[in-house]
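Below you'll find the structure, written out as structure tokens, and then a few comments.
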There are 2 protein chains.
Amino acid sequence: MSHSFAASSEHWMIQPIGYIYSPYKQKFGVARQPGLVPAAHAYIDLSAEFTADCVRGLSDYDYIWVQFVFHATVKDGWQPLIRPPKLGGKEKKGVFATRSPHRPNHLGLSLVKLEQIEYGKQIRLHVSGVDLLDQTPVVDIKPYIPFVEAKPDANCSFAHERELLNVYWSQPALEQLALFSLDSNYYQLVNQSLAQDPRPVHQQHADKIFVMHLFDWDVLFQIKNNMVEVVGLRKHV
Amino acid sequence: MSHSFAASSEHWMIQPIGYIYSPYKQKFGVARQPGLVPAAHAYIDLSAEFTADCVRGLSDYDYIWVQFVFHATVKDGWQPLIRPPKLGGKEKKGVFATRSPHRPNHLGLSLVKLEQIEYGKQIRLHVSGVDLLDQTPVVDIKPYIPFVEAKPDANCSFAHERELLNVYWSQPALEQLALFSLDSNYYQLVNQSLAQDPRPVHQQHADKIFVMHLFDWDVLFQIKNNMVEVVGLRKHV
């Protein structure tokens, strides 16, 4: 049941101020919230019209808000009720009580760590802890203001940190890691991503081999008894 | 120097999911950040197509993100450099290093306290601590997830809490408060708003009587030696 958005008398056009380039080439495997996979490094390239002036002072901040468009789900419309994966898919929540990508204006919001600003021909913001698909269009960036936005004691129906799975690598997978000259950040990215259990709620079969596309490689893995085994790596085609 | 936004090949239409109704009838006097004026109660009426299903589970959260459009400044375009009022107007910061309303896509983001949900013919969300102009169009609502979004130790170039001014009421102003049957929330709203010093950076003349339009009344006040005097109240015409 998907909905389009009834016409309203008021509307505005929004456009990308830039795009994010991230290791996540497909929805499967994307961290379910920002910050859960610190090894998920990415960068945002601002469009040429946004010069160094536009980010003056931003490097004083540790975290930035990225407002973006869930571009991969725009065509699907939106749904009033969602089954959040954190709740095991058993309970339905309203779209405005979730961070589901299937929402009326397809606007997303992620808090990411600002690692560095590169002042080249165009402005590049290096960030980490992203939960964003590669080539996501960014529509705004704002500094994080802790005395206004940090409410550590706020009630929240989310289960706190989900229990992490243990991840181990098969011998062939470790050999492929070396063969492809993948660095320790890639190793951490795989470990942190798989520890979150990226399986969809309705596909939690043991024995099944899942494939997660990270950068230019496919990571093959299997989950049994809450243990993840990285079975192998191969070049994505 | 105001800029319009160069055409991009990608763009999206966004529409209000509802509107906020707040005491702030004009920009002058609006709290400069959410949460600074807890007595600023407001409500968001969702459009009829967003039924109770859409907010199922939202009442488990203390805080919600309101994504909105700075509708009053859309016509002004955007500016690469801003003089934030917190810095006394002396220093310029980049638009993406501020929460200025004069930004490329005119998108705003406020964390507000969710007080109550009213399930009537349309869904009404009662909120507090708002920094939003009356009739601001809301384009999304999301729950606040503290274990992802509360970073109390994050660096931030903002001065922490600005020093609050002392507020006192003249005898005529107190009599008008009674005459107009204004309740203690209105009294608190005036006190909390004025304690923040709403004067624009370049108009800090002593002696000048400022007028702030809150709900249906004009609040007249004067600031001398960091003391605010509420001089009088009158019906706004």
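Sequence lines set the chain letters: A, B, ... in the order given, protein chains first and strands last, and positions in each chain run from 1.
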*asked:* Give me the atom names and distance for the closest heavy-atom approach of B:Ala97 to A:Gly57.
replied: CB-C, 3.8 Å
_Quick check on A:Ile82 against chain B: is it the side chain, the backbone, both or neither that has a heavy atom closer than 4.5 Å?_
neither
*Check whether any side-chain heavy atom of A:Tyr63 sits under 4.5 Å from a side-chain heavy atom of B:Cys156, and report yes or no.*
no
*Considering only heavy atoms from C-beta outward, does the side chain of B:Lys151 approach that of A:Asp62 to under 4.5 Å?*
no
*B:Gln67 versus chain A, heavy atoms under 4.5 Å apart: side chain, backbone, both or neither?*
side chain
*asked:* Could you check whether any side-chain heavy atom of B:Cys54 comes within less than 4.5 Å of a side-chain heavy atom of A:Pro80, counting everything from C-beta outward?
replied: yes
*Among A:Val55, A:Asp53, A:Val148, A:Ile64, single out the residue with the greatest number of heavy-atom pairs under 4.5 Å to chain B.*
A:Asp53
_For the interface with chain B, which of A:Gly94, A:Ser110, A:Pro34 has the highest count of heavy-atom pairs at distances below 4.5 Å?_
A:Gly94
*Counting heavy-atom pairs under 4.5 Å to chain A, which of B:Ser47, B:Gly108, B:Ser100 comes out on top?*
B:Gly108
*Donor-acceptor under 3.5 Å (B:Arg56 side chain, A:Phe96 main chain)*: no
*Atom group of A:Leu107 that falls short of 4.5 Å from chain B, counting heavy atoms*: both
*Which region of B:Leu111, side chain (C-beta onward) or backbone (N, CA, C, O), has a non-hydrogen atom less than 4.5 Å from a non-hydrogen atom of chain A, or is it both or neither?*
side chain
*Below 4.5 Å from any heavy atom of chain B, which atoms of A:Lys113 appear? Answer side chain, backbone, both or neither.*
neither
*Validation row: B:Asp140, A:Arg103 side chains within 4.5 angstrom (heavy atoms)*: yes
*Minimum heavy-atom distance A:Glu149-B:Tyr144, with the two atoms named*: O-OH, 2.6 Å
_Beyond-backbone contact of A:Asp153 with B:Pro146, side-chain heavy atoms, under 4.5 angstrom_ = no
*For residues A:Tyr61 and B:Asn155, determine if any side-chain heavy atom of one lies less than 4.5 Å from a side-chain heavy atom of the other.*
no
_Residue part contacting chain B, namely of A:Val69, when any heavy atom lies under 4.5 Å_ = side chain
*Would you please indicate if the ring centroids of A:Phe70 and B:Trp12 are separated by under 6.0 Å?*
no
_Separation between CZ of B:Arg99 and CD1 of A:Ile145, rounded to the nearest 0.5 Å_ = 4.5 Å
*Please work out whether the ring planes of A:Trp78 and B:Phe50 are parallel, tilted or perpendicular, with thresholds of 30° and 60°.*
tilted
